[in-house]
Structure formats: C-alpha cells, structure tokens
Student: 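Attaching a single structure in structure tokens format; questions to follow.
Chain letters run A, B, ... following the sequence lines, proteins first and then strands; every chain starts at 1.
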Amino acid sequence: MPVVLDADRIGRTLTRISHEIVERNRGVEDLVLIGVRTRGDHLARRLARTLRDISGQDIPTGALDITLYRDDLMRQAVGPRAIVRKTEIPFSIDGRRILLVDDVLYTGRTTRAALDALIDFGRPKNIQLIVLVDRGHRELPIKADYVGKNLPTSLEESVQVYLEESDGRDEVVLQPGGEQGGAA
Amino acid sequence: MTALTALRRKDLLAIADLSPEEISLVLDTAEAMKEVGERPIKKVPALRGKTVVNLFYEPSTRTRTSFEIAEKRLSADTLNIAVASSSVVKGETLADTALNLEAMHPDMIVLRHSSSGACHLLARICKSAIINAGDGTHEHPTQALLDAFTIRERKKKLKGLKVAIIGDLLHSRVLRSNIQLLTKMGSDVWVCGPPTLIPAGISRFGVRATSSIDEAVADADVVMLLRIQLERMEGAYFPSLREYFSVFGMTEARLRQAKPDVIIMHPGPMNRGVEIASEVADGPYSVILDQVANGVAVRMAVLYLLAGGANDEAAA
C-alpha cells in the first residue's frame, strides 16, 4: 500500500494552506472554519491552530455532519447506513467567509451536500473549499480552492486518510482495487 | 467498525423487540436530531419524497404533534387521519383501513390504537413500516425512548440508576415500554402503586414492586409519575382521587427522600393534585417539558432509522 503523504508532509501541507488562506483573504477577518465530519473536522481544528500561530487571532471553528443531506441516503441498496453525528456551528455564518474543510475530494457529492447544509444555516459572504487530497473523478461542477495534494487515481483505487485524532497516526494511503469504505 | 448503524427491522412495534445496541443507536441518533431543531432553518432533506401517515384511533395531542413536527423537520410528506372524520365511523375495520391506505403507497404508518397488538396486526399485512405510537395497554415505544434520552441527557448514563415509577401500573403502556427499556439498559427499576393497580407477576420483568412510596422514592435518581387513567378504569381501584393523592401523590416532602439531584418525569397529560403536586410539576427538579422537547428529536431518529432500513437488510 503506497503511502502518499506521511505525517511530516501532512503537517507541512496544512502550514502551506494556512499561509495561502491568509494571503488570499488578506488576513483572517470574517473567516470561519467548518470541517465536514469526521476527518474534515480534525483538519479544520488543526488549521485553526496554525492560523492562530500566523495571525494571532482565533478563527471560529465548527463541525458539519452532512448525512441528512446526502443524495444517496435512501438509495443505498446494501451496506451500512452512515451514523448521523451532531453538527456544531455555535456562531452565525451570515456575512462570514467560510473555509469548508474535507479530507478527500472525489465525486463532489459530499461537497454539494455540505453547501446545501451551510446555506440552511445562513447567508455567508463566500465559501472556499479546502481539501487534503483531490483524487479527481468529479461528477458535479465543483472545484477546490486549496488543495493539499492532487492525486491522480483510477476508479478502482481508494484513498484512505488516517489522522492522529481518530486513527492514531497521520497518513494518506492509496489502496489498489476493491472498495474499502472510508473517506472517499 | 462493528458499531450498529441501522435498526434490524421494518417496524418499531415494541421495546421488547429491541437490543440494547439498537436502543443506543436511536438515542445517539436523536442527539444529532436535537441539534437540527435548534437551527434557524429547522429542516433537513433526509426523508424528502417519503410519505408518512399518522393514523390515530385515540385522542392525542402531544404524541401526534410530536410525530408530525418530526416528520416535517425531515421533509417527509405527512398525512393525519383522525378517526372521528374517517370511514371508521362507517364501520370499516382497522385491517381494511390500513389496506386502503397502503394502496396509496405510503412509506410509513404511525399508529395509535386502543387495542393492544393493533400495530402487530398492521405490520403483518402492510408493506409500509409501522411505528407504534401507543397500542392499548401494551407498549408506547417512542415514549420510553424519549424518557431514556431525557434521563441520559441529565445523568449521562442509564446503567445503575434507581428509577421509581409510580402510579397506575395496571393500565400503563408507558410503564411496559419503560420497564423493558430501562431493565435492558441496566437501570434499577422500582414500581409503586396501590396493590389494586399492580399487575400480577410484574416482578418477572426484573423490577421491584412495592406499595410503599417511601421505599420507592428513597435514594431514587429518577422519579417518574404515571397518570391515573380514569378512562380505562371500569371498577373501583381506590376509594377516591383525594385519597390517592394523600397516599401516592408526589409532594415536595416525599421528594426529599430521593437523591438531591433527582429528576421528576411525567409522560403527560398530568392530573395535578392527583399523581403529582403542582409545586413538584413546576419545580426545579421537573424535566417534564424537556421530555416533550426531546420527543421530537427521538421520533426524528426513529423515522430516519426506519426509512428504507428494512429494504437495505432485505437486499443485503
């Protein structure tokens, strides 16, 4: 199983993305971080820490569960259903610039669900998408604004993101063939 | 990931059928659903395109409203059938009514009926998922789930808690569902009422029965009062309502024997001055309105977990 990103590179990638965020937004004014549960949530909290180191300011950080907005919710013929977890956005998103964080960008359907969910919370000024890995194969017109790593994949492969907070280690792995659940 | 992610059934008929894992799944899912109710837009598209029929053969405000709000928050299309205005008054049987409804392809039917077992009958003849919203004196599973959710919210656990359930034990479906649920989850359940209202053999269900309210309340973590159901009583079970209150009514004085952080629950509707004193119902220990609020979240969880769930299992 080839390791695509190890712990060091994940750390450096998040630092680089943090600097890009500050540069593009000319500071951190009005920014909020919202991670898509569960691994996007961990990444969002890490970005909040690096952004605080860079700018000296705390960025409000929330977590979004998109299960109830999935377009395949009632279509899955087999397999386990996703467990609905709590969405925690304890601040208003009206007029804010949202940094939406996910681990892997694949078909774009998760992002579509996240956008619909966010719009139900208010009217943000804009939404920018951050992903650790973009593996291609989009099925919807969605593009990330900040990408940790572009990873060309075949449909048979799967990308597994492991993070310290949930999996005890930092690693992105490309698995050949067969579907193995996971983040993608 | 061996954690349970779906209910292994088409219908929710009784707590007796559920495993502790399934109960925990409903309660965990309800926590996420509760947050949906706190948003500015209290609606998610999860059950879009699903049709839910609320078929109520008994009067109900709380349960029917609660189900309807839950269905609407999940974007289901809902239909309420109140029996007074339906063809039941023209003599149609429950089975015929259900089959006629089913011909219009609803996805779920929420049924409240005065006969125990009515939901089981419907579940056998209908393809739709049947949710029991109270059948006779048998079970009221969503009430027990919302009670457990409310207890867990306050006490962070169910296991090991002393729960005293006091009142009309004989006619209460809420009691039967709560006994099933709480004993499965490891609570220490005490039931208390006049000897005439204690069903024979109730201790077989793993609870302790007593007619001494002091014994029931002593060191309790949770005190749950049940309504005296005059409409179901044909004989004289106790001399008068006033006497019932003086012997079994929950007063502040009696409550002092419980734990200092005791919570007071009541499934409603309350008879103030019969099973519960007003000072207790409105007092600081009361979580009675929390129960109502949590009812919506728990019913959203049940609807979500049953929608399409059984089909998944059948196809797998």
Side-chain angles (χ1 to χ4, degrees), chain A residues 34 36-39 41 62-96 98 109-110 112-124 158 160-162 166-168 179-184, chain B residues 1-9 21-22 24-52 70 73-77 107-108 129 149 153 297-298 300-316:
Chain A
I34 293 178
V36 178
R37 282 209 195 269
T38 51
R39 290 183 185 79
D41 178 27
L64 183 67
D65 184 283
I66 54 105
T67 311
L68 298 170
Y69 285 81
R70 286 173 69 131
D71 57 6
D72 57 354
L73 198 51
M74 296 301 155
R75 285 169 198 267
Q76 283 167 299
V78 287
R81 322 262 314 267
I83 292 179
V84 192
R85 295 198 164 77
K86 211 166 166 182
T87 291
E88 285 163 299
I89 305 183
F91 44 82
S92 165
I93 63 167
D94 286 334
R96 312 300 285 270
I98 295 182
R109 288 178 192 270
T110 302
R112 193 282 309 165
L115 292 175
D116 279 356
L118 285 176
I119 298 305
D120 281 355
F121 277 88
R123 187 177 187 282
S158 83
Q160 303 289 329
V161 173
Y162 301 100
S166 47
D167 315 296
E179 265 184 63
Q180 256 264 286
Chain B
M1 291 255 274
T2 49
L4 203 57
T5 60
L7 292 178
R8 297 205 183 93
R9 56 197 70 256
E21 292 75 27
E22 286 177 298
S24 295
L25 174 67
V26 173
L27 301 182
D28 292 344
T29 307
E31 281 185 28
M33 296 298 182
K34 185 163 180 171
E35 181 272 327
V36 173
E38 292 157 2
R39 296 181 189 179
I41 295 182
K42 300 171 184 55
K43 201 177 181 79
V44 291
L47 295 195
R48 204 174 47 190
K50 299 275 176 189
T51 308
V52 185
R73 289 203 175 145
L74 291 170
S75 303
D77 295 310
D107 296 282
M108 292 194 251
F149 183 87
E153 192 172 58
V298 165
M300 285 171 77
V302 168
L303 290 159
Y304 167 76
L305 290 168
L306 286 179
N311 300 336
D312 290 354
E313 289 297 315

Student: In Å and rounded to the nearest 0.5 Å, what is the OG1 to CE distance from T87(A) to M33(B)?
Tutor: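 Output value for this atom pair is 10.5 Å.
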Student: Do D28(B) and I83(A) pass the side chain to side chain contact (heavy atoms under 4.5 Å, CB included) test, and can you show the C-alpha distance, the side-chain angles, and the key distance before you say yes or no?
Tutor: CA-CA 9 Å; D28(B) 292 344; I83(A) 292 179; 5.7 Å; no
Student: Below 4.5 Å, heavy atoms only, C-beta onward: do I41(B) and F121(A) meet side chain to side chain?
Tutor: no
Student: Side-chain polar contacts of residues 89-96 of chain A - donor-acceptor pairs under 3.5 angstrom, sequence neighbours left out - could you list them?
Tutor:
{"from": "S92(A)", "atom 1": "OG", "to": "D94(A)", "atom 2": "N", "distance (Å)": "3.2"}
{"from": "D94(A)", "atom 1": "OD1", "to": "R123(A)", "atom 2": "N", "distance (Å)": "2.7"}

Student: Name all residues meeting the salt bridge (charged side-chain N to carboxylate O under 4.0 Å, His left out) criterion together with R39(B); count only those two or more places apart in sequence or in a different chain, and write none if there are none.
Tutor: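 Residues passing salt bridge (charged side-chain N to carboxylate O under 4.0 Å, His left out) with R39(B): E35(B).
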Student: Does any heavy atom of chain A fall under 4.5 Å from the side chain of K43(B), the backbone, both, or neither of them?
Tutor: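 Backbone of K43(B) only, per the 4.5 Å heavy-atom cut-off to chain A.
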Student: Could you grab the distance from atom CZ of R85(A) to atom CD of E31(B), nearest 0.5 Å is fine?
Tutor: 11.5 Å
